[in-house]
Chemist: 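My questions will all concern the structure given below.
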Amino acid sequence: MIEHKNTGVPGRGTEEMKTNEVTGRFKRGAYGMAVEVGRPGVAGRLEDLEMIAIALAKIGVEFEPKNPVTFLFEDVKTGKLKPEVRKEKVLSAIIEFVVKPEQIKPVLQALKDISPKIDSVFSLDLISFPEESEKAPALKIVKEMGFPIYPNGKVNLGLGKILNQ
Amino acid sequence: MTHTLHRTGDLQSIKEDFPMLTHVARGFNDKNAAPRLKQIALTMTKYTDLHFGDCKVGNKYQMDPAEIMDKLSVGCQCVFKDKESLIACMKDLKEKDQGISIVVSGLFDEVFDCCDKAGLKPPLIEFALGVHGNTKRLWPPEILDFVTMCGHGLVSGRLVKKMVEDIKKNKITLEKAAIELAKPCLCGIFNPDRAAKLLKKMAV
């Protein structure tokens, strides 16, 4: 697998929550979200991703600047892709973004609305601090909106440190 | 890069499945990280031999793990099947204190219990909120349980079906078929022990 020249990460995404205890990428009072088009095991065209990105851009979410997909946008504010990549097929591609608490419901509604228009599938992720005061408000909305919450997920152990001189 | 998220399966099966990864933070602890990553890899593989690898280099079913460890620059992965080994590894990693981030996936209750026993306080978590869109195109659940063990989508549902057929025809054992499925997962997070149990349900 090749390391992306702009992200420095091999694969489809970024360091996201994996190194957050060091980078501080995600702050308290906000949430990370990701839409993974084509996953699991279906693959998809980037035009599917574009439809979702346009819907999210209208809500005003902040796309992750270091994600490989962000470099494919013609206009990062609108979510429109460069025309030459729209028909490209990918095993999966991730739209990563940060949401304010008040944006969670509109984001989930937008994803619900666009879901029947997508030719492929997409997996949905939510990143939060683990304390009840942080995660509970977001999970309450997720449940109210009828989205499942898997009992298994990712846990950062907090062992990273700043070491570069 | 959320490749250890979204694993599907029944609770008992997921209970025996804990992928672990380490990853440098660019600009913060990536300089001269190779010896630290190697030390972490040696610690990981002291407690589990199910799978190990790095998507930039390869996995233990493709090349010598020692060679992989010598080439690490960004991170590596492994997978555990039980809490005891995971807790022991977490304690050791905490003690060795290499300063590179570690992430464990699995049932939240189980992983948090392991963290508690290892004296770790997780600062961030990630939830999987399901699969949406044209879900008619998904593999059936019993195949999806294998496919989702490689978040990069490198383990094909067709290969799973072939392995099931080959087991039924006595062309391959459960254990060897599980290893064949683990090979394409470059990162080393596909769990061959769990795969063998799932294959047994489908083929025997």
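Please read all numbers here as calculations on a predicted model, not as lab measurements. Throughout, a chain's letter reflects where its sequence line sits, starting with A, and its residues are numbered from 1.
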Chemist: In Å and rounded to the nearest 0.5 Å, what is the CG to CD1 distance from B:Leu5 to A:Ile127?
Modeler: 9.0 Å

Chemist: Please lay out, stage by stage, how A:Asp125 and B:His6 fare under the test side-chain hydrogen bond (donor to acceptor under 3.5 Å, both in side chains).
Modeler: CA-CA 9 Å; A:Asp125 320 343; B:His6 300 292; 2.5 Å; yes

Chemist: Are B:Thr148 and A:Arg39 packed together at the side-chain level, in the sense that at least one heavy-atom pair is separated by less than 4.5 angstrom?
Modeler: no

Chemist: Under 4.5 Å heavy-atom distance to chain A, tell me which part of B:Leu124 shows up: side chain, backbone, both or neither.
Modeler: both

Chemist: Using heavy-atom distances under 4.5 Å, tell me whether B:Val155 contacts chain A through its side chain, its backbone, both, or neither.
Modeler: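 Interface part for B:Val155: neither.
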
Chemist: Considering non-hydrogen atoms only, spot the tightest contact between A:Glu131 and B:Lys121 and give its length.
Modeler: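 Looks like OE2-NZ, 4.4 Å.
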
Chemist: Among A:Lys18, A:Glu21, A:Lys161, find the residue that satisfies the side chain to side chain donor-acceptor pair (under 3.5 Å) test when tested with B:Ser101.
Modeler: A:Glu21

Chemist: So what's closer than 4.5 Å to chain A heavy atoms on B:Val104: side chain, backbone, both or neither?
Modeler: both

Chemist: I'd like to check A:Val155 versus B:Ser105 (side-chain heavy atoms, cut-off strictly below 4.5 Å). Are they in contact?
Modeler: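 SC-SC contact between A:Val155 and B:Ser105 ruled out.
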
Chemist: Which bit of B:Gln98 is near chain A, if near means a heavy-atom gap under 4.5 Å: side chain, backbone, both or neither?
Modeler: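 Answer is backbone: N, CA, C or O of B:Gln98 sit under 4.5 Å from chain A.
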
Chemist: Parallel, tilted or perpendicular for A:Phe122 and B:His132, by the 30°/60° rule?
Modeler: tilted

Chemist: Rounded to the nearest 0.5 Å, what separates atom NZ in A:Lys135 from atom CZ in B:Phe127?
Modeler: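 If we round to the nearest 0.5 Å, A:Lys135:NZ and B:Phe127:CZ are 5.0 Å apart.
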
Chemist: Working to the nearest 0.5 angstrom, can you tell me the gap between B:Lys15 NZ and A:Asn152 CG?
Modeler: 13.0 Å

Chemist: At what distance, to the nearest 0.5 angstrom, does CD of A:Glu16 lie from NE2 of B:His23?
Modeler: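 So the CD of A:Glu16 and the NE2 of B:His23 are separated by 9.0 Å.
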
Chemist: Can you say whether B:Leu138 sits under 4.5 Å from chain A via the side chain, the backbone, both, or neither, judging by heavy atoms?
Modeler: both

Chemist: Is there a donor-acceptor pair under 3.5 Å between the side chain of A:Thr19 and the backbone N or O of B:Ala25?
Modeler: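 No; judged by distance alone, with no hydrogens or angles, the pair does not exist.
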
Chemist: Tell me which one of B:Asn29, B:Asn32, B:Asp30 satisfies side chain to side chain donor-acceptor pair (under 3.5 Å) with A:Asn164.
Modeler: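 Result for side chain to side chain donor-acceptor pair (under 3.5 Å) with A:Asn164: B:Asp30.
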
Chemist: Counting heavy-atom pairs closer than 4.5 Å to chain A, which one of B:Leu120, B:Thr8, B:Thr22 comes out on top?
Modeler: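 Highest number of heavy-atom pairs under 4.5 Å: B:Leu120.
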
Chemist: Within this structure, what is the NZ-CG distance for the pair B:Lys94 and A:Leu159, rounded to the nearest 0.5 Å?
Modeler: 8.5 Å

Chemist: Is it the backbone or the side chain of B:Leu21 that comes under 4.5 Å from a heavy atom of chain A, or both, or neither?
Modeler: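 Side chain only.
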
Chemist: I'd like to know if the side chain of B:Arg137 reaches the main chain of A:Ala43, judged simply by a donor and an acceptor atom lying under 3.5 Å from each other, with no hydrogens or angles considered.
Modeler: no

Chemist: Specify which of B:Pro123, B:Ala33, B:Gly153, B:Gly157 makes the most heavy-atom pairs with chain A at under 4.5 Å.
Modeler: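 Highest number of pairs under 4.5 Å: B:Pro123.
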
Chemist: State the CD-OG1 distance between A:Glu36 and B:Thr2, to the nearest 0.5 angstrom.
Modeler: 3.0 Å

Chemist: So which of B:Ile143, B:Ile125, B:Val103 has the largest heavy-atom pair count under 4.5 angstrom toward chain A?
Modeler: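 Option with the greatest count: B:Ile125.
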
Chemist: Give, as side chain, backbone, both or neither, the part of A:Pro151 having an atom under 4.5 angstrom from any heavy atom of chain B.
Modeler: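 Contact with chain B involves both backbone and side-chain atoms of A:Pro151.
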
Chemist: Measuring heavy-atom distances to chain A, does B:Asp17 have an atom under 4.5 Å in its side chain, in its backbone, in both, or in neither?
Modeler: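 Contact with chain A is absent: no heavy atom of B:Asp17 under 4.5 Å.
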
